[in-house]
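First up is the structure itself, then whatever we jot down about it.
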Amino acid sequence: MSQSDPSLFVKHTGSDVLALLLYVDDIILTGSSDALIQEVIDDLSSVFELKDLGLLTYFLGLQISYPSSGGIFVNQYKYAKELVAKAGMTQCKACSTPCKPYSQVLSTDGELLKDPTLYRRLVGALQYLTFTRPDIAFAVNSVCQYMTAPTDSHFFQVKRILRYLQGTLQYGIKFSPGPMQLSAFSDADWAGDASTRRSTTGFVVFLGNNPISWQSREQGSVSRSSTEAEYRALANTAADVVWIRQVLADMHEFLPEPPLLHCDNLSALALSSNPVFHSRIKHLDIDFHFIQERVQSKDFHVQYIPTDDQVADVFTKGLHGPVFSKHCINLRLGRPAEIEGEYLAKG
């Protein structure tokens with residue numbers, strides 16, 4: 001059993017590796033040897049009643065396909081389509097982004113919904129959809145803030161997300177073979193919540209060219225400066241990268257180079273690499289200072305990136321259509337044909 005993920009089981013036989021992912025009674029089994037995979041299936045069948053469904057095509061709402069160009073394409077088309085239908089919006093007009101650019105909605109805006117049940121069901125379902133749809137992560141995180149007392153204004157935001165989904169039902173992520181190198185993009189929107197003045201953390205972690213982990217989340221306390229907000233986000237990103245490295249280590253996959261963390265705030269980068277600057281943020285929880293130790297020991301490299309190229313920007317705020325589309329392409333998000341065509345054009 002993996003020390004980092006209790007649902008992951010790994011078996012090493014010589015140079016071969018097998019990985020088994022378990023959720024209740026649903027299993028994904030993969031590995032470097034077809035013969036060893038069949039051996040594990042036979043062993044499990046001798047103890048449990050087991051049905052081998054063959055090549056993975058569907059798992060817990062995730063649809064998996066295998067493009068002719070190679071790699072794996074994962075989306076939730078069926079789940080998204082049923083969600084739009086549940087909201088009674090199958091005939092709605094699609095929009096180009098899941099939320100208005102740089103818009104701010106207060107928790108008190110609008111009139112309280114008489115029955116918030118549908119709102120809560122839709123938002124809960126949207127959260128599950130973010131497993132393959134990082135493009136809606138920020139918008140979904142925003143509407144999650146109003147679950148206690150949603151209003152008609154908040155419900156309008158949910159409908160905006162569903163209108164965006166209506167035009168992008170087939171969107172998913174293309175995973176392709178590539179270098180075993182971790183890189184991450186970290187960003188924060190300082191005091192972005194107009195109701196609480198808390199900042200929003202956003203990050204995405206890539207393995208090679210493939211996005212494998214992302215988050216859009218409101219920070220737990222108010223940050224007194226943009227540097228503080230960015231530093232909190234950078235520390236949270238580093239913690240996620242540490243966990244991913246441990247999962248890879250459990251599978252006997254070791255990185256040839258330290259992970260590279262990108263941030264568009266020079267002051268936050270200085271805090272992460274220079275202990276002298278820490279006197280300026282002594283009020284921060286000590287947890288966030290562990291990134292400085294990691295950087296000093298060369299477990300991580302940190303690097304500045306211009307805001308225009310900051311992929312994590314899409315996880316911290318609503319963006320205009322062209323910028324939003326650019327980041328979606330960088331996240332390898334789209335329909336299979338669109339993704340392949342875009343990367344061929346870049347090449």
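Keep in mind that this is a model prediction, so the values were computed, not measured.
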Determine, stepwise, if the pair Phe324 / Tyr164 fulfils ring pair (Phe, Tyr, Trp, His ring centres under 6.0 Å).
-> CA-CA 12 Å; Phe324 179 78; Tyr164 170 71; 5.7 Å; yes
Lys86 with Glu82: basic N within carboxylate O range, under 4.0 Å = no
Interatomic distance, Leu56 atom CG to Ser65 atom OG [nearest 0.5 angstrom] = 10.5 Å
Taking the side chain as every heavy atom from C-beta outward, state whether Ser267 and Glu230 have any pair of such atoms under 4.5 Å apart.
-> no
Side chain of Gln63, backbone of Tyr77: donor and acceptor closer than 3.5 Å?
-> yes
Sidechain N-carboxylate O distance under 4.0 Å for Lys326, Asp309 = yes
With distance as the sole criterion, is a donor-acceptor pair present between the side chains of Ser32 and Asp16 under 3.5 Å?
-> yes
Checking Thr316 side chain against Asp313 main chain: does a donor-acceptor pair fall under 3.5 Å?
-> yes
Where do Asn236 and Phe203 come nearest, in terms of heavy atoms and distance?
-> O-CE2, 4.2 Å
Mind checking whether Leu266 and Val295 sit in one hydrophobic cluster, side chains of I, L, V, M, F, W, Y counted as touching below 4.5 Å?
-> yes
Applying the side-chain contact (heavy atoms from CB on, under 4.5 Å) test to Ser4, which of Val247, Val242, Leu248 qualifies?
-> Val247
Sidechain-backbone polar pair: Gln157 side chain, Pro98 backbone, donor-acceptor under 3.5 Å | no
May I ask you to check whether over 12 heavy atoms, not counting those of Phe254, lie within 6.0 Å of atom CZ?
-> yes
Where is the tightest heavy-atom contact between Gln219 and Thr201, given as atom of each residue plus distance?
-> NE2-OG1, 2.9 Å
Whether over 12 other heavy atoms sit under 6.0 Å from Arg217 CZ | no
Hydrophobic cluster identity match, Leu60 and Leu22, side-chain contacts under 4.5 Å = no
Run the numbers on Leu44 and Leu20 for side-chain contact (heavy atoms from CB on, under 4.5 Å), then give the verdict.
-> CA-CA 12 Å; Leu44 289 173; Leu20 184 151; 4.0 Å; yes
Check whether Met251 and Leu29 end up in the same hydrophobic cluster, where Ile, Leu, Val, Met, Phe, Trp and Tyr are linked by side-chain heavy atoms less than 4.5 Å apart.
-> no
Nearest-0.5 Å distance, CG of residue Asp115 to OG1 of residue Thr117 | 3.5 Å
Short side-chain to backbone donor-acceptor contact, Asp187 and Gly202, under 3.5 Å = no
Check whether any side-chain heavy atom of Phe315 lies under 4.5 Å from a side-chain heavy atom of Gln215, and answer yes or no.
-> no
Out of Val314, Asn141, Thr168, Leu129, which one pairs with Ile136 under the side-chain contact (heavy atoms from CB on, under 4.5 Å) rule?
-> Leu129
Find the distance between CZ (Arg163) and OG (Ser96) and round it off to the nearest 0.5 Å.
-> 9.0 Å
Check: Gln127 and Cys144 side chains under 4.5 Å, non-hydrogen atoms | yes
Can the ring centres of Phe131 and Tyr79 be said to be less than 6.0 Å apart?
-> no
Can you tell me if Gln38 and Asp34 form a side-chain donor-acceptor pair at under 3.5 Å?
-> no
Here the gap from Ser7 atom OG to Asp26 atom CG, rounded to the nearest 0.5 Å, amounts to 12.0 Å
List the steps and the verdict of side-chain hydrogen bond (donor to acceptor under 3.5 Å, both in side chains) for Ser153 and Asp109.
-> CA-CA 6 Å; Ser153 295; Asp109 284 352; 5.6 Å; no
Judged by atom type as modelled, is there a donor-acceptor pair below 3.5 Å linking the side chain of Arg332 to the main-chain atoms of Lys174?
-> yes
With a 4.5 Å limit on heavy-atom distance, are the side chains of Leu319 and Tyr102 in contact?
-> yes
Start with the C-alpha gap between Thr57 and Ile64, add the side-chain angles, then the distance that decides, and say whether side-chain contact (heavy atoms from CB on, under 4.5 Å) holds.
-> CA-CA 5 Å; Thr57 57; Ile64 298 92; 5.5 Å; no
Could you walk me through whether Arg160 and Thr97 pass side-chain hydrogen bond (donor to acceptor under 3.5 Å, both in side chains), step by step?
-> CA-CA 8 Å; Arg160 169 84 183 214; Thr97 59; 2.7 Å; yes
Shortest non-hydrogen contact from Ser176 to Asn210?
-> O-ND2, 2.7 Å
Side chain to side chain, Glu39 and Lys11, heavy atoms closer than 4.5 Å | yes
Does the pair Glu218 and Thr196 meet the rule for a side-chain contact (heavy atoms from CB on, under 4.5 Å), with working shown?
-> CA-CA 10 Å; Glu218 188 172 278; Thr196 64; 3.8 Å; yes
Shortest non-hydrogen pair, Gly172 vs Asn75, comes out as CA-CB, 3.6 Å
Report, as yes or no, whether the 6.0 Å neighbourhood of atom CZ on Phe156 holds more than 12 heavy atoms from other residues, nucleotides or ligands.
-> no
Hey, does the side chain of Ser199 reach the backbone of Ser223 with a donor-acceptor pair shorter than 3.5 angstrom?
-> no
Test item: Phe48 and Asp25 side chains (from C-beta on) under 4.5 Å apart, heavy atoms | no
Answer with yes or no whether the hydrophobic clustering places Phe138 together with Phe155; edges join I, L, V, M, F, W, Y residues whose side-chain heavy atoms lie under 4.5 Å apart.
-> no
Working for side-chain contact (heavy atoms from CB on, under 4.5 Å), residues Ser226 and Asn265 = CA-CA 8 Å; Ser226 59; Asn265 186 285; 4.2 Å; yes
Linked, directly or transitively: Val241 and Tyr304 (ILVMFWY side chains, under 4.5 Å) | yes
Quick one: are Ile212 and Leu182 in side-chain contact, heavy atoms under 4.5 Å?
-> yes
Do Met89 and Gln166 touch side chain to side chain, with heavy atoms closer than 4.5 Å?
-> no
For the pair Phe185 and His262, name the ring-plane relationship: parallel under 30°, tilted 30 to 60°, perpendicular over 60°.
-> parallel
Give me the ring orientation class for His154 and Tyr146: parallel if the planes are under 30° apart, tilted from 30 to 60°, perpendicular past 60°.
-> parallel
Shortest non-hydrogen contact between Asp250 and His12, atoms and distance = O-NE2, 3.6 Å
Nearest heavy-atom neighbours spanning Tyr119 and Leu113 | CB-CD1, 3.9 Å
Ser272 (side chain) donor-acceptor with Gln292 (main chain) under 3.5 angstrom | no
